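Taking it in order: structure first as structure tokens, then the write-up.
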Amino acid sequence: MSREKKDAKNFGCKFDREIFEKLEEFCELSGQSKTMVVERAVEKYLEENLEKMRAFRKEL
């Protein structure tokens with residue numbers, strides 16, 4: 001049985017080689033896909049910083 005398709009957009013970017021190698025190792029050890037790990041990391045970063053950035057921009 002296949003997974004339900006999610007509403008998604010493609011996003012391509014270049015990683016520093018060391019960061020990419022760490023990502024590959026983490027994915028191998030955790031059994032998670034690179035997409036899943038990167039999505040979770042970006043989401044966490046945005047949750048921690050988006051409101052701060054919005055508040056900063058209002059001050060300008």
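The structure displayed is predicted, hence computed values, not measured ones.
With rounding to the nearest 0.5 angstrom, the CE atom of M36 is 8.5 Å from the OG atom of S30. Rounding to the nearest 0.5 Å gives a distance of 12.5 Å between CG of D16 and NZ of K14. Going from atom NZ of K22 over to atom CZ of F15 covers 13.0 Å, rounded to the nearest 0.5 Å. In this structure, CG in L50 is found 8.5 Å from CE in M53, a value given to the nearest 0.5 Å. A distance of 7.0 Å separates CD in E59 from CZ in F56, rounded to the nearest 0.5 Å. To the nearest 0.5 angstrom, T35 atom OG1 is 11.5 Å from R40 atom CZ.
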Give the intermediate values and the outcome of salt bridge (Lys or Arg N to Asp or Glu O under 4.0 Å) for residues E51 and R54. CA-CA 5 Å; E51 285 304 317; R54 287 177 178 152; 2.5 Å; yes
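Under the 4.5 Å side-chain heavy-atom criterion for grouping Ile, Leu, Val, Met, Phe, Trp and Tyr, L29 is not connected to L23 through any hydrophobic cluster. With hydrophobic clusters built from ILVMFWY side chains whose heavy atoms lie under 4.5 angstrom apart, I19 shares a cluster with V42.
Taking the charged nitrogens against the carboxylate oxygens, K6 and E39 do have a contact shorter than 4.0 Å, which makes a salt bridge.
Side-chain contact between K34 and F26 is absent, with no heavy atoms from C-beta onward closer than 4.5 Å.
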